[in-house]
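For ligands, and for the atoms within them, numbers begin at 1 and follow the listed sequence. These figures come from a predicted structure and were not determined experimentally. The figures here come from the full heavy-atom set of this structure, side chains too, leaving out hydrogens, waters and symmetry mates.
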Amino acid sequence: MRLHGTSSRHDSIDRAARLAREQYAHLGVDVDAAISALSRIPISLHCWQGDDVTGFEEQFGPPGGGLAVTGNHPGRARTPEELRADLDAALAMIPGRHRVNLHALYGEFAGRRVDRNAIGPEHFHNWIEWARERGLGLDFNPTCFAHPKAADGFTLSHRDAGIREFWIEHCRRAREIGAAFGAALGTPCVTNVWIPDGFKDTPADRAAPRERLAAALDQVFAKPLHPAHNLDAVEPKLFGIGSESCTVGSAEFYLGYCISRKKLLCLDAGHFHPTESIADKISSVMLYLPEILLHVSRGVRWDSDHVVTFTDDLLAIAREIIVIGNPSRVHIGLDYFDASINRIAAWTIGTRNMLKALLVALLEPPAIREAEAEGDTTTRLVLQEEAKGLPFAAVWDHYCELQGVPVGAEWLEPIQQYEREVTGKRR
Ligand code: RNT
Ligand code: ZN
């Protein structure tokens, strides 16, 4: 594409990046170090954005468990092949090397009814091969919802020992699948346990289900797995649809569990009071936990799982990941499901925003922290405000070019073409 007749798109990106590099250098920021650091941070793309959390089991209905997907944009992936092709289409628009996060219900069961307590790595063989060919890591989640044995909203903390045992077995198997991913791909799989368990109305006994949950989790995690293959995470939640009054796996429950059992805590941006930000929690929990998992999401008034946009919240989360000094301690996953827009665009928007926010954090002028260290909070505020106007977008465009992915909104056209030719034809 020609701009102003003389300079090509590439030349103008290059020029803008050069000016940005000078401007940042003047502030003591090394742009090349920032983009090289960014290229080493993987984001785990949640496969469930591609098919509205439906999965490939033969038997069960909509997700349930308080999860609600809204929208009717055409083109949902209906088969593993379609979902992988759609993920390929998104990944081609995202700079860097990333990961894909699967749920147990995305196994390939060849038309057979394989219940959750019978799944194994063999049902994920095609996913492993697909990931291996592309150099992707895989992460995993047991699916403790969308199942008759979760119909009353309780799983691992159920008052019925038989139902608890069913979900314990499912979660044990999920860890084994995670370990198989990690061993096959040479990068540890983070296997994250989220359960919907909670009370619609005021419980008479909050302690007993929590005691049952702790005991069930101890059984799930009883077998040690090599941390090079599998890392266990657990995900608290404040409330869900149908569990408004009390969730068994609350923030305090899991924080205590993680510290005492050495597990990864998963902080989902939508799982707290609407005015709370997970950004502020990162430095606190990481005093006590070597590694954590994030589910980066965007709540709109509630845990609505909207596409991640370039908000102050997101920038604050990204900043905390970078400020701790070793971003590999934070496993970054996305978690949202929007069925009202092109699903591949939804992945691309959210992932590119996460990366762009990390870039902004990596480009932060050191003088901001220096001012604070000197107790000069006026200067800190001035510099924080000035930093908002620095030319990070020029660096981002340059990074996209370096990584061989479209610049700016240019990624939309190929995805629209894919929609015309592929997803839009699905019925
Ligand atoms: C639910 C949790 C959980 C799910 C996914 C599908 O509130 O956020 O992480 O969104 O496991
Ligand atoms: Zn989540």
Salt bridge present between [X] and [Y] (N-O < 4.0 angstrom):
| X | Y | answer |
| --- | --- | --- |
| D232 | R175 | yes |
| R172 | E176 | no |
| D303 | K237 | yes |
| E364 | R369 | no |
| R112 | E122 | no |
| K149 | E165 | no |

Tell me whether the rings of [X] and [Y] are parallel (<30°), tilted (30 to 60°) or perpendicular (>60°).
| X | Y | value |
| --- | --- | --- |
| Y257 | Y254 | perpendicular |
| H147 | F166 | tilted |
| F239 | W302 | tilted |
| H271 | W194 | tilted |
| H123 | F109 | tilted |

If we only count N/O pairs under 3.5 Å, is N141 in contact with ligand 1?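 N/O-N/O distance under 3.5 Å: no.
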
Hey, is ligand 1 close enough to N192 that some N/O pair sits below 3.5 Å?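 Such a contact does not occur with ligand 1.
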
What do we get for D305 next to ligand 1 when only non-hydrogen atoms under 4.0 Å count, side chain, backbone, both or neither?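 Neither part.
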
With carbon and hydrogen excluded and only N/O/S kept, which atom of [X] is nearest the Zn ion (ligand 2)?
| X | answer |
| --- | --- |
| E235 | OE2 |
| D268 | OD2 |
| D335 | OD2 |
| H295 | ND1 |

Can you name the atoms of ligand 1, numbered from 1 with element, that are less than 4.0 Å from a heavy atom of [X]?
| X | value |
| --- | --- |
| H271 | 1 (C), 2 (C), 7 (O), 8 (O) |
| D303 | 7 (O) |
| L67 | 1 (C), 7 (O) |
| H295 | 9 (O) |
| F337 | 10 (O) |

[atom]: nearest protein contact (heavy atom, Å):
| atom | answer |
| --- | --- |
| atom 4 (C) of ligand 1 | D335 OD2, 3.6 Å |
| atom 9 (O) of ligand 1 | E235 OE1, 2.7 Å |
| atom 5 (C) of ligand 1 | H103 NE2, 3.5 Å |
| atom 7 (O) of ligand 1 | K237 NZ, 2.6 Å |

Flag C266 as yes if one of its N/O/S atoms falls below 2.8 Å of the Zn ion (ligand 2), otherwise no.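 It does not; every qualifying atom lies at 2.8 Å or beyond.
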
